[in-house]
Amino acid sequence: MQPQRKDHLDGLAVGLLLVCCVLWGGQQVLVKATIAHMPPVLQGALRFVAATLLLMGWCRWRGIALFGRDGSLKAGLAAGLLFFGEFVCLYLGLVHTTASRATVFLYTSPFWVALLLPWWVPSERLRPAQWTGLAFAFVAVAFALREGFGTGLDTWRGDLLSLLAALLWGLTTVLIRATGLTRLAPEKLLFYQLAVCALLFPPLSLAMGERWDVQFTPFVVTSLLLQTVVGAFASYLAWMWLLGRYPATRLSAFIFLTPLCALVFGALALHELLTPSLLGAMALVAAGIWLVNRAPLRR
């Protein structure tokens with residue numbers, strides 16, 4: 001059955017998005033910290049293989065069919081390949097840049113969605129006020145993380161890879177909406193993406209010559225569990241569910257909260273200061289989100 005779509009974000013959507021933003025806010029920091037103990041692509045391989053198995057178990061328990069013929073195979077595999085490319089770029093990018101810089105570039109994804117999606121889904125076209133909201137949000141993120149641009153490190157490779165990851169993320173969202181993949185159960189939509197990663201990440205790791213003799217310390221195990229159960233399974237399943245029921249451009253605009261959540265998380269966990277500039281940036285993000293999600297005016 002086709003899910004009932006809404007033209008605005010209600011309380012449930014906002015609540016789920018807030019939770020996802022908090023979870024994703026710490027993800028790049030966690031991946032970056034784990035790279036010191038485990039090669040990046042191997043880290044992704046273990047994460048996505050485990051998440052795929054977990055999702056298959058969930059679907060079996062819930063009686064959700066994953067392999068029935070419904071005409072979604074080609075588009076689903078295409079979405080999976082875009083998803084795979086996004087995470088390859090992100091994981092490799094984090095080797096060459098800081099987590100904060102990677103986050104800034106990764107969360108330019110809503111601009112690609114807002115720019116490309118209206119060509120296929122006219123109902124997703126943004127009005128001038130909503131474009132202004134997107135601009136507010138992006139300026140706020142860049143302003144809050146401006147210190148990451150002044151590190152003096154040779155980070156251009158990681159920066160470009162993170163920007164490419166953002167483009168691939170945006171294209172995944174556009175493909176899902178434009179091809180009608182939102183009609184699928186969220187579990188099946190996520191399965192396409194996780195399964196492609198589970199199949200391609202391990203051979204890519206071997207081809208790159210990464211060492212697999214990893215010491216599974218308590219930190220590494222905890223990191224992988226969080227990335228798998230909370231990140232690749234629960235939060236992405238919630239995101240697929242949201243994409244099937246709410247406007248993609250408005251959902252994508254909301255994720256500008258994620259990099260700011262990462263800074264707040266750093267302040268709480270690492271005792272970093274919440275500066276006035278950060279608080280001002282958060283206010284700009286809030287204003288941007290409000291502009292993007294305003295209900296259309298009646299005529």
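All values below come from the heavy atoms of this structure, side chains included, with hydrogens, waters and symmetry mates left out.
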Y246 side chain near D10 side chain, heavy-atom distance below 4.5 Å | yes
Can any side-chain N or O of K32 pair as donor or acceptor with the backbone N or O of T97 at less than 3.5 Å?
-> yes
Do C59 and L55 have side-chain heavy atoms sitting under 4.5 Å apart?
-> yes
Could you tell me whether the side chain of Y91 reaches within less than 4.5 Å of the side chain of I35, counting heavy atoms only?
-> no
First locate atom OG1 of T228, then atom CG of L46, and finally report the distance between them rounded to the nearest 0.5 Å.
-> 8.0 Å
d(R245 CZ, L251 CG) to nearest 0.5 Å is 11.5 Å
First locate atom CG of L199, then atom CG of L194, and finally report the distance between them rounded to the nearest 0.5 Å.
-> 11.0 Å
Can you check side-chain contact (heavy atoms from CB on, under 4.5 Å) on T173 and W169, steps first, answer last?
-> CA-CA 6 Å; T173 301; W169 183 6; 4.0 Å; yes
Yes or no on side-chain contact (heavy atoms from CB on, under 4.5 Å) for F83 and Y192, after CA distance, side-chain angles and deciding distance?
-> CA-CA 9 Å; F83 189 79; Y192 275 123; over 6 Å; no
Check: Q27 main-chain N/O paired with Q227 side-chain donor or acceptor under 3.5 Å | no
Cluster question for you: counting only ILVMFWY and a side-chain heavy-atom cut-off of under 4.5 Å, with indirect links fine, are V196 and L53 together?
-> no
Note: H96 and G158 closest approach over all heavy atoms is CB-N, 3.5 Å
List the atom of I176, the atom of M240, and the distance in Å for their closest heavy-atom pair.
-> CD1-SD, 4.3 Å
Would you please test L225 and T222 for side-chain contact (heavy atoms from CB on, under 4.5 Å) and show each step?
-> CA-CA 5 Å; L225 285 174; T222 301; 5.7 Å; no
Non-hydrogen side-chain atoms of W239 and W24 separated by less than 4.5 Å = yes
Side chains of F219 and T34: closer than 4.5 Å at any heavy-atom pair?
-> yes
Verify same cluster id: V22, F233 (apolar side-chain graph, 4.5 Å) | no
Check whether any side-chain heavy atom of P39 lies under 4.5 Å from a side-chain heavy atom of V214, and answer yes or no.
-> yes
Check whether any side-chain heavy atom of M38 sits under 4.5 Å from a side-chain heavy atom of F216, and report yes or no.
-> yes
Main-chain N/O of F201 paired with S205 side-chain donor or acceptor, under 3.5 Å = no
Please report the shortest heavy-atom distance between L81 and L200, naming the atom on each side.
-> CD2-CD1, 3.9 Å
Provide the closest heavy-atom pair for S109 versus G170 in the form atom of the first, atom of the second, distance.
-> OG-N, 3.4 Å
Rounded distance (nearest 0.5 Å) linking atom CZ of F48 with atom CD of Q193 | 9.5 Å
Counting only N and O atoms by type, is there a donor-acceptor contact under 3.5 Å from the side chain of R183 to the main-chain atoms of G180?
-> yes
Shortest non-hydrogen contact between A79 and L175, atoms and distance = N-CD2, 3.3 Å
Quick one: do F67 and F191 satisfy ring pair (Phe, Tyr, Trp, His ring centres under 6.0 Å)? Show the steps, please.
-> CA-CA 10 Å; F67 301 102; F191 177 74; 5.5 Å; yes
Can you tell me how far CG of L184 sits from CG of L190, rounded to the nearest 0.5 angstrom?
-> 11.5 Å
V95 side chain near R157 side chain, heavy-atom distance below 4.5 Å | no
Enter the distance from E187:CD to L237:CG here, rounded to the nearest 0.5 Å.
-> 5.0 Å
Given the rule in the side-chain contact (heavy atoms from CB on, under 4.5 Å) test, do L163 and D159 qualify, once you have shown the distances and angles that lead to the verdict?
-> CA-CA 6 Å; L163 187 60; D159 296 343; over 6 Å; no
Exercise: identify the closest heavy-atom pair between P202 and V49 | CG-CG2, 4.2 Å
Can you get from M208 to L161 by hopping between Ile, Leu, Val, Met, Phe, Trp and Tyr side chains that sit under 4.5 Å apart?
-> yes
Between K188 (side chain) and S72 (backbone), is there a donor-acceptor pair under 3.5 Å?
-> no
Just by modelled atom types, is the C20 backbone N or O under 3.5 Å from a matching donor or acceptor in the S235 side chain?
-> no
Backbone N/O of L168 and side chain of T172: donor-acceptor pair under 3.5 Å = yes
